[in-house]
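Residue numbers start from 1 in every chain, and the chains themselves are labelled A, B, ... in the order their sequence lines are given, proteins ahead of strands. All values below come from the heavy atoms of this structure, side chains included, with hydrogens, waters and symmetry mates left out. Everything numeric here is computed off the predicted structure, so don't read it as measured data.
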Amino acid sequence: MTESTSPAPKSNKTPARPTLKAVRGTRDLLPDQTPLWNHVESTARALFARYGFGEIRTPIFESTELFARGVGEETDIVSKEMFTWEDRARAASEKAQSLTLRPESTAGVVRAYIEHQLGNTGNLQKLYYIGPQFRRERPQRGRYRQFWQIGAEVIGPQSSGSESPLRDAEILEMLASLLTELGIRDWRLELNSVGSAEDRVRYNAALREALAPIKHQMCEDNQRRAETNPLRVLDSKDEADQALINTLPKIADYLSPESKAHFDQVLAALDACGVPYHLNPRLVRGLDYYTRTTFEFTVTTGLGTQNALLGGGRYDGLSEMLGGPRAPGIGFAIGEDRLILTLQAQAEADNISTAAPKLDAYIAPLTPAQNPAALSLARELRAAGLTVEVGDGTFKLRKSFDIADTLARHIILLGEDEAATNILTVKTFASGEQTKVPRAKLAGALR
RNA sequence: GCGGCUAUAGUUCAGUGGCAGAACGCCGCUCUGUGGCAGCGGAUGUCGUGGGUUCGACCCCCACUAGCCGCCCCA
């Protein structure tokens, strides 16, 4: 912070500088918001630790090619939603390269897994991350250009058990526990298997064949999807097309015996844990890398049309797509912004405040002469672990009380008497009780 | 990227082609070491930005920007 010692004289003629604002789709989280964010994040961290996950922090930008190869060139995310720029070479030893703000984190995590040869440990890697992601979409409630995801990946060589249906079920059970622990009430788990890469090829062919004679009866979007990505037709919300969509072949009928057995074991483990789910044969994910188990948790409170709270699935071929060893994996990403919106909407419905808790004490020096002693007392109490704010001796007592009541549970009056005797006057707002407390016993009395 | 709605005080919102408003909040006083209630008083602001129409625009028109809703997409 720099202090301006010689303020320029203000002239009425000086045109005001244009106000700078957070750019479209980004926002500031102010101190009235961040306690809830921190609560969500610390709850997630503690829970992930119980499941043996460790935190990974990957760069916020990566080479564009990573996302092109990992997420898929043809996906909307890569083809039209990325913040990409050309980073020019600055020296002969540097190469110009295309860089991109990460639109999701799984590709980066798998890149790190390959780069650091984490598979060579032979152990299953359980990694989680919390951080911002960037997509150039039209902003809306629950959809921002910089948004936050809390995600986790389970990945490793086959010998580590990374392909086991137990991993899928463990992830889903963990998510159910997290949402429950956070107090999300009306979550719903939608579950599907999109099969192995080979299953998908056969299913896609069947879909195209089934769509060919009927697609012209569908809406424009679905006609386009029928050509470019038939799976996405299943996702369509177009009401008029629903009847036709229901006649299309089901992915379940195209799963190989292995894929089906895998999925059945996932379901069996979920049943054993008592985690409720809804099979949704039309649940397909937008990223190319998903295979077999795919899922989505939705909520009905607070999000409007953006009701997907989190999504994820298995990505058995992603490592190879990025030039790495065979390393099956499964992961998810929670839309933290949406999670917060849901919690806030619930709190509002319940008439519960999400405000930060009050400070333990507010110290009110009664005259400016008491200011130094007030700060010294604050230092002592803070060192003892209390949360403390200090007023100012120029404030009138009434103002001190007003401020103190909005901020803190107790007010400590520090005037000449108190300074002389080292016995402080403490008033508790909740009870209205006022007592004299020796300085040495103050910290204990305020807890 | 497409369509619709919206933008006025710190906040929530009224408002009329002719002086910019209310409530809450904020500040002061009544009240010099005991607040919250009450009474009285006070300050709020480029009426989102830029153009246009008009004697005159916060109001009508256009463009832009941003937010919200739906689509698309996704978390």
Report task. Using the P atoms only, state how far B:G25 lies from B:U12, rounded to an integer number of Å. Result -> 15 Å
Requested in this report: Would you check if A:F147 stacks with the base of B:A75, given a 5.5 Å centroid limit and a 30° plane limit, both strict?
Outcome: yes
Query raised in the report: Once you round it to whole Å, what is the distance between P of B:A75 and CG of A:L179?
Result: 15 Å
Query raised in the report: Which atom names give the shortest non-hydrogen contact between A:L283 and A:F295, and what distance separates them?
Result: CD2-CA, 3.6 Å
Query - Donor-acceptor pair present, A:R232 side chain and B:C72 base, under 3.5 Å - result: no
Query raised in the report: Considering only the C1' atoms, how many Å lie between B:U49 and B:U6, rounded to the nearest integer?
Result: 16 Å
Requested in this report: Pick base, sugar-phosphate or nothing for A:G25, based on heavy-atom distances below 4.0 Å to the nucleic acid.
Outcome: sugar-phosphate
Query - Listed nucleotide nearest any side-chain atom of A:E81, set B:C73, B:A75, B:U34 - result: B:C73
Query raised in the report: Do the side-chain N or O atoms of A:R24 get closer than 4.0 angstrom to the phosphate oxygens (OP1, OP2) of B:G67?
Result: yes
Report task. For A:D417 and for A:G142, locate the closest nucleotide of RNA chain B by heavy-atom distance; then report the residue assigned to the nucleotide nearer the 5' terminus. Result -> A:D417
Report task. Would you kindly check whether a donor in the side chain of A:R136 faces an acceptor in the base of B:C73, or vice versa, at under 3.5 angstrom? Result -> no
Report summary line: Using Watson-Crick geometry (N1-N3 plus N6-O4 or O6-N4) or G-U wobble (N1-O2, O6-N3), each under 3.5 Å, B:C29 is paired with B:G39
Query raised in the report: Relative to the ring of A:Y203, is the ring of A:Y254 parallel (under 30°), tilted (30 to 60°) or perpendicular (over 60°)?
Result: tilted
Requested in this report: Quick one: label A:K80 by what it contacts on the DNA or RNA (base, sugar-phosphate, nothing), any heavy atom closer than 4.0 Å.
Outcome: nothing
Query - Distance, rounded to the nearest Å, where A:Q149 contributes CD and B:A75 contributes C1' - result: 5 Å
Query raised in the report: Looking across every strand, which nucleic acid part, if any, lies under 4.0 Å from A:E416 by heavy atom: base, sugar-phosphate, or nothing?
Result: base
Requested in this report: Could you measure between the two C1' atoms, the one in B:U8 and the one in B:U16, and give it in whole Å?
Outcome: 13 Å
**Report entry** Length of the CG-P vector between A:L424 and B:U34, whole Å
**Finding:** 17 Å
Query raised in the report: Are a donor atom and an acceptor atom from the side chains of A:R282 and A:N192 found within less than 3.5 Å of each other?
Result: no
Report summary line: Rounded to whole Å, the CG-C1' distance (A:N307 to B:C69) equals 15 Å
Query raised in the report: Should B:G45 form a Watson-Crick or G-U wobble pair with both distances under 3.5 Å, which nucleotide is its partner?
Result: none
Report task. For B:C68, give its Watson-Crick or G-U wobble partner with both distances under 3.5 Å, or none. Result -> B:G4
Query raised in the report: Within the structure shown, what part of the strands sits under 4.0 Å from A:F332 by heavy-atom distance: base, sugar-phosphate, or nothing?
Result: nothing
Report task. Scan A:T425 against the nucleic acid and name what it touches under 4.0 Å (heavy atoms): base, sugar-phosphate only, or nothing. Result -> base
**Report entry** Electrostatic pair A:R292:A:E163 at N-O distance under 4.0 angstrom
**Finding:** yes
Requested in this report: Using the six-membered ring wherever Trp is involved, compare the ring planes of A:W187 and A:F297 and label them parallel, tilted or perpendicular (cut-offs 30° and 60°).
Outcome: tilted
Requested in this report: Would you mind telling me which residue lines up with the more 5' stretch of RNA chain B, A:G415 or A:V23, judged by nearest nucleotide?
Outcome: A:G415
Report task. Write down the distance separating the C1' atoms in B:G17 and B:C47, rounded off to the nearest Å. Result -> 15 Å
Requested in this report: Give one of base, sugar-phosphate or nothing for A:Q370, where a contact means two heavy atoms less than 4.0 Å apart.
Outcome: nothing
Query raised in the report: With a non-hydrogen cut-off below 4.0 angstrom, is A:L413 in contact with a base, only sugar-phosphate, or nothing?
Result: base
Query raised in the report: The side chain of A:K399 lies closest to which of these nucleotides: B:G28, B:C2, B:A75?
Result: B:G28
Report task. Taking atom C1' in both B:A14 and B:C24, compute the distance separating them and give it to the nearest angstrom. Result -> 14 Å
Query raised in the report: Say you pick atom P in B:G41 and the same atom in B:G56; how far apart are they, in whole Å?
Result: 39 Å
Query - N-O pairing of A:E81 and A:R143 below 4.0 Å - result: no
Query raised in the report: Do A:Q434 side-chain and B:G33 base share a donor-acceptor contact under 3.5 Å?
Result: no
Requested in this report: Classify the nucleic acid contact of A:L309 as base, sugar-phosphate or nothing, counting any heavy atom under 4.0 Å across all strands shown.
Outcome: sugar-phosphate
**Report entry** Exercise: do A:T425 and A:Q434 side chains pair donor with acceptor under 3.5 Å
**Finding:** no
**Report entry** Assigned glycosidic conformation for B:C19 [threshold 90° from 0]
**Finding:** syn
Query - For B:U54, the Watson-Crick or wobble partner whose two distances fall under 3.5 Å - result: none
Query raised in the report: Once you round it to whole Å, what is the distance between C1' of B:G4 and CD of A:Q140?
Result: 12 Å
Query - Whole-angstrom distance between B:A22 and B:G45, as gauged at atom P - result: 15 Å
**Report entry** Under 3.5 Å donor-acceptor pair, A:R398 side-chain atoms to B:G33 base atoms
**Finding:** no
Query raised in the report: If pairing requires Watson-Crick or G-U wobble contacts with both distances under 3.5 Å, which nucleotide is the partner of B:U12?
Result: B:A22
Requested in this report: Measure from CD on A:E74 to P on B:C74 and round the result to the nearest Å.
Outcome: 13 Å
Query raised in the report: With a 4.0 Å cut-off on heavy atoms, is A:R141 in touch with a base, just the backbone sugar-phosphate, or nothing at all?
Result: sugar-phosphate
Requested in this report: Return the value, rounded to whole Å, for the distance between atom CG of A:D402 and atom C1' of B:G25.
Outcome: 12 Å
Report task. Please test A:R409 against A:D360 for salt bridge (charged side-chain N to carboxylate O under 4.0 Å, His left out), starting from the C-alpha separation and ending with a verdict. Result -> CA-CA 5 Å; A:R409 293 161 40 229; A:D360 293 319; 2.6 Å; yes
Report task. From the options B:G33, B:C68, B:C73, select the nucleotide whose nearest atom is closest to the side chain of A:R143. Result -> B:C73
Query raised in the report: What interatomic distance, in whole Å, is found between P of B:C19 and the corresponding atom of B:C27?
Result: 32 Å
Report summary line: Atom CG of A:D76 and atom C1' of B:A75 are separated, to the nearest Å, by 15 Å
Query raised in the report: How are the rings of A:F48 and A:F53 set to each other: parallel, tilted or perpendicular (split at 30° and 60°)?
Result: tilted
